[in-house]
Amino acid sequence: MAPPSQASPFLKNPPVIHLWSQTLIPTMREAPAEAETPSHVLLLRAGYVRKLGAGIYDYLPLAQRVLTKIATIVRQEMDAAGSREVLLPAMLPIELYKDTRRDVDYGDLLFKVSDRKGAVCALGPTHEEPITEAVKGSVTSYKQLPLSLYQIQTKFRDEARPRAGLLRCREFIMKDAYTFHTSVEGVGGLNEAYDRMYAAYVNVFTRCGLDFTVVEAESGPIGGSASHEFMVNAESGEDTILKCPVSGYAANVEKCEIGERPRGTLQEAPSGELTEVHTPNLPGIDEVGKFMKVKPDRMLKSIVFRIVEHGEGSAGMTWVVAVVRGDHDVNEGKVKTAAGAKKIELAPEKEARSAGFAIGYVSPKTVNSVPGTMLLIDPDVSGGGFWASGSDKADHHVKHFNWRREVGAKLDDPRYVKLADVRNALAGDPSPRAKDAKLVTGRGIEVGHIFKLGTKYSEAMGLTVLDETQQRRTVIMGCYGIGVSRAMASSIEQNHDADGIVWPAPIAPYHVIITTLKAEHMTVAEKLGAELAAAGCEVLIDDRDERPGVKFKDADLIGVPVRIVIGDKALAENAVEFKPRKSKDKPVNVPMGEVVAKALEALGA
RNA sequence: CGGGGUGUAGCGCAGUUUGGUAGCGCGUUUGACUGGGGGUCAAAAGGUCGUGGGUUCAAAUCCCGCCACCCCGACCA
């Protein structure tokens, strides 16, 4: 399209009528062997992306158009939520991370480059530090707050295992927003901004046509439900989410609470005499169970954690042993909370061994044998009956473990022994929010995450303002992310069929594809394209000299919502063939004069 | 980081066991016929066989090292 001949101070979008022959859409008949998930296969096959390396992709013209549309929706909603766009460097001097120690904590996930002088820069994986630094340099008074800033930018994370095409990349496009406050509550406070962001995110993902679930995620330092994840419901998702069908409660598996479960008294009688069994060279609990002829749900799994930072409940303790059923998974966050500690870690094997833990064969009895050990017992293992357990001795387990007989008096000392929910929730567990309701599970792709940061970064980096009483106050922050490139792939996970992608109109690369069957149809195609463009449609004309079958297959593959075919049959009655991509019906003839209205209707405009 | 697997033309693969002229399908180019759901015929272009070394008269093939990529797991503000 020719540019406007006169320079105008107001930029307007020129009409979009693109020719297939003049863009780059390298569709493929066969999917590359490396791709497995639907979005990965289709993005490659339909010519949206090309892989350059593990987790590194070219965005070809179609992908770039979709990304731009998602980014536009994000910008509109961020702007409406009172956030202002910035663009910070992707290349960040490593010194920026010294105060927050994330150069260490982030570890290998951080990409690093060095300049000619040997100075090291990190490629930004997220931007809490640089944004805090930027605000620190320009905000000094409470009168300048609250403030909300966002950017859309390429991020870099050296993922241990990139996978599934755009769903987990090492280089990806993200929107990250940060808000700054002097208070948590009240007008201008963090909670208000958080709620606005929450609403903006709902708008963004709804407008993108995504089917999503908002789940509670791990709590921030402020407590309560201080973090939410926006999960696109898809089988290929990496995250497990749990929902209560009655109350609407939803959470990710790390966070999900479990309702009241039956529990034992720790007073039950033994099921038999404690018997030691030699179990050599068995790698896991399943193998041990098979060898001992004990089902995993009658085995005790005792996992040792070390307290890294003490909290109110963990004084005097060094180790925490969490005991769950053999077929259950220990939840580190719940262990931390139940232990009353601020930070824990899976016990380093070497140190745990020298303290007296027979790693791999630990039993709850270690609460008596290793000083400074706290025992957390999950309700599901707190009862009587038969239990098998480690024996605190390499290559040996015991049968007929009994709480009272084996552990004894310490069971009654709440400083040392607690009954607590310390495992991951499972489908069928009681809901924490509705009586008699049971949790159900689903898979999700995390496309958004909002988080109340509190003062973690502002305190470490010294971001303060003077308040109305001339007191220095540490600024309170929130951060909010959207995976833009991941959202594109997520949409395909939800919107595809055997023939290809089926885009929702708001983020489709084009609204209408005009397929010509003969070269002499181009005049009609261009005239119709201009009419559609004038009505606001973005049009792709497939002008290639290909056989009709090829063009139909490609049109379906790339997933443009409305297809118009120009061919002799319909032209004879001054009409074109019209077919929405998502419709299973045969194309219908639409008179030339009604095409634009019909297209707008099909697009939901 | 642990386990499994793969590197041969733009894509999908065979050839490797048993060393001896690098092949097939799709795609691409040219021409003809064709023309409504991935056409037919004819001709053609395109490959340091991931990479470095070794063995051998001779290596895609055997040996050693390295690299890249995929899948499962661990990990994932």
Side-chain angles (χ1 to χ4, degrees), chain A residues 24 26-37 40-41 44-47 50-56 97 100-110 122 124-129 131 155-165 167-170 172 174 176 178 217-221 227 229 238-239 252-254 283-284 329 332 345-346 445-446 449-454 456-457 477-481 483 486 498-500 515-521 542 544-557 563 565-572 576-577 579 586-587 589:
Chain A
L24 180 62
T27 58
M28 283 182 281
R29 193 163 178 170
E30 284 174 287
E34 67 193 40
E36 296 201 347
T37 42
H40 193 193
V41 171
L44 288 165
R45 266 197 71 204
R50 273 185 66 86
K51 188 181 77 176
L52 193 58
I56 308 174
Y97 289 90
T100 56
R101 284 185 45 82
R102 282 218 294 183
D103 52 337
V104 179
D105 292 349
Y106 229 93
D108 290 336
L109 217 53
L110 209 56
T126 173
H127 276 66
E128 283 82 4
E129 284 87 354
I131 195 82
K155 301 287 195 232
F156 301 87
R157 292 182 196 180
D158 192 3
E159 295 283 352
R161 188 149 97 80
R163 74 184 115 195
L167 288 179
R168 181 167 292 276
C169 279
R170 296 197 296 171
F172 58 98
M174 178 168 148
D176 48 323
Y178 307 89
E218 59 194 63
S219 288
S227 178
E229 288 173 347
E238 294 181 89
D239 300 296
N252 68 21
V253 71
E254 284 78 31
D329 289 321
E332 189 172 325
E345 64 177 6
L346 199 61
I445 304 164
E446 181 190 346
H449 195 166
I450 58 178
F451 206 84
K452 293 182 185 175
L453 279 178
K456 180 176 175 186
Y457 294 93
M477 294 171 57
C479 74
Y480 319 84
R486 187 182 268 186
D499 293 317
T515 300
T516 60
L517 297 187
K518 289 184 180 171
E520 57 260 40
H521 296 152
D542 188 352
R544 296 175 299 167
D545 179 23
E546 289 286 353
R547 295 177 65 81
V550 173
K551 294 181 150 194
F552 294 148
K553 286 287 184 192
D554 275 349
D556 286 349
L557 188 56
R563 188 187 75 194
V565 177
I566 297 180
D568 289 333
K569 287 182 194 169
L571 272 185
V576 295
E577 283 168 40
K579 182 182 171 299
K586 295 250 180 216
N589 281 5

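Per chain, numbering begins at 1; letters A, B, ... match sequence-line order. Here the structure is a predicted model, which means the values were calculated and not measured.
Side-chain atoms of A:Arg45 come within donor-acceptor range of the base of B:G38, with a qualifying N/O pair under 3.5 Å. Judged by distance alone with a 3.5 Å cut-off, no donor-acceptor contact links the side chain of A:Arg163 to the base of B:C70. Residue-to-nucleotide contacts include no donor-acceptor pair under 3.5 Å from the side chain of A:Glu30 to the base of B:G27. Between the side chain of A:Arg102 and the base of B:A77, no donor-acceptor pair of N or O atoms lies under 3.5 Å.
No contact: A:Asp239 has no heavy atom under 4.0 Å from any strand. Residue contacts for A:Ala33: at a heavy-atom cut-off of 4.0 Å it reaches the sugar-phosphate backbone alone, with no base atom in range. Residue-level contact check: A:Asp108 touches neither bases nor backbone, having no heavy atom under 4.0 Å from any strand. Across all strands, A:Ala35 comes closer than 4.0 Å to no nucleic acid atom at all (heavy-atom distances).
Considering only the side chain of A:Glu546, B:U28 comes nearest among B:U28, B:G38, B:C71. Of the candidates B:G12, B:G37, B:C11, the closest approach to any side-chain atom of A:Arg563 belongs to B:G37. Here the nucleotide nearest the side chain of A:His449, chosen from B:C75, B:G12, B:A77, is B:A77. Closest to the side chain of A:Ala54, out of B:G38, B:C76, B:C70, is B:C70. Closest approach to the A:Glu36 side chain among B:A77, B:G38, B:C71 is made by B:C71 (side chain taken as heavy atoms from C-beta onward). Closest approach to the A:Pro32 side chain among B:C70, B:A74, B:G12 is made by B:G12 (side chain taken as heavy atoms from C-beta onward). For A:Arg29, the side-chain atoms get nearest to B:C26 when compared with the rest of B:C26, B:C76, B:A77. Here B:A77 is the nucleotide among B:G38, B:C76, B:A77 with the atom lying nearest to any side-chain atom of A:Arg157. Here B:A74 is the nucleotide among B:G38, B:C76, B:A74 with the atom lying nearest to any side-chain atom of A:Arg161.
Across A:Arg45 and A:Leu557, no two heavy atoms sit closer than the pair O-CD2, 3.6 Å. Between A:Tyr178 and A:His127, the closest heavy-atom pair is OH-N, 2.9 Å. When every heavy atom of A:Ala217 is checked against every heavy atom of A:His449, the shortest pair comes out as CB-NE2, 4.0 Å. A:His521 and A:Asp568 get closest at one heavy-atom pair: NE2-OD1, 3.0 Å.
With a 6.0 Å radius and a threshold of 12 heavy atoms from other residues, nucleotides or ligands, A:Asp499 has its CG atom above the threshold.
Checking each of A:Leu109, A:Thr126, A:Leu110 against A:Arg102 for a side-chain contact (heavy atoms from CB on, under 4.5 Å) leaves exactly one that passes, namely A:Thr126.
Atom-to-atom, CG of A:Asp158 to P of B:A77 comes out at 15 Å; the value is rounded to the nearest Å. The interatomic distance linking A:Phe552 (CZ) with B:G38 (C1') rounds to 12 Å, in whole Å. Atom CZ of A:Arg170 and atom C1' of B:A77 are 19 Å apart (whole Å). Counting to the nearest Å, the P atom of B:C72 and the CD atom of A:Glu34 are 14 Å from each other. In this entry the distance linking CG of A:Asp542 with P of B:G37 reads 15 Å, nearest Å. The NE2-C1' distance, from A:His40 to B:C71, rounds to 12 Å in whole Å.
Base-pair partner of B:U61: not found among the strands shown (Watson-Crick or G-U wobble, both distances under 3.5 Å). Across the strands present, B:C49 finds no partner; the criterion is a Watson-Crick or G-U wobble pair with both atom distances under 3.5 angstrom. B:G19 makes up no base pair with any nucleotide shown, lacking Watson-Crick or G-U wobble contacts both under 3.5 Å. Judged by Watson-Crick or G-U wobble contacts below 3.5 Å, the nucleotide B:A32 has B:U40 as its partner. With a 3.5 Å ceiling on both atom-pair distances, the Watson-Crick or G-U wobble partner of B:C11 is B:G25. Across all strands shown, the partner of B:C1 is B:G73, judged by Watson-Crick or G-U wobble contacts whose two distances both fall under 3.5 Å.
Taking atom C1' on both B:C72 and B:U55, the two are 37 Å apart, rounded to the nearest angstrom. Here, B:U51 and B:C69 have their C1' atoms 14 Å apart, quoted to the whole Å. Comparing the P positions of B:C49 and B:G53 gives a spacing of 13 Å, expressed to the nearest Å. Distance check on atom P: B:A22 versus B:U61 gives 13 Å, rounded to whole Å. For the P atoms, the distance linking B:C13 with B:C63 amounts to 24 Å, nearest Å. Comparing the P positions of B:U29 and B:U18 gives an interatomic distance of 44 Å, to the nearest angstrom. Rounded to whole Å, the separation between the P atoms of B:C71 and B:C62 comes to 27 Å. Using P as the reference atom, B:C67 and B:G52 are 15 Å apart when rounded to the nearest Å.
In this structure, A:Glu128 does not pair ionically with A:Lys456, as no charged nitrogen and carboxylate oxygen lie closer than 4.0 Å.
Residue whose closest nucleotide on RNA chain B sits further toward the 5' end, between A:Gly53 and A:Arg50: A:Arg50. The residue among A:Lys51 and A:Pro125 whose nearest nucleotide of RNA chain B is located toward the 5' end is A:Lys51.
OP1 or OP2 of B:G39 sits under 4.0 Å from a side-chain N or O of A:Arg547.
At least one side-chain heavy atom of A:Asp554 sits under 4.5 Å from a side-chain heavy atom of A:Arg544.
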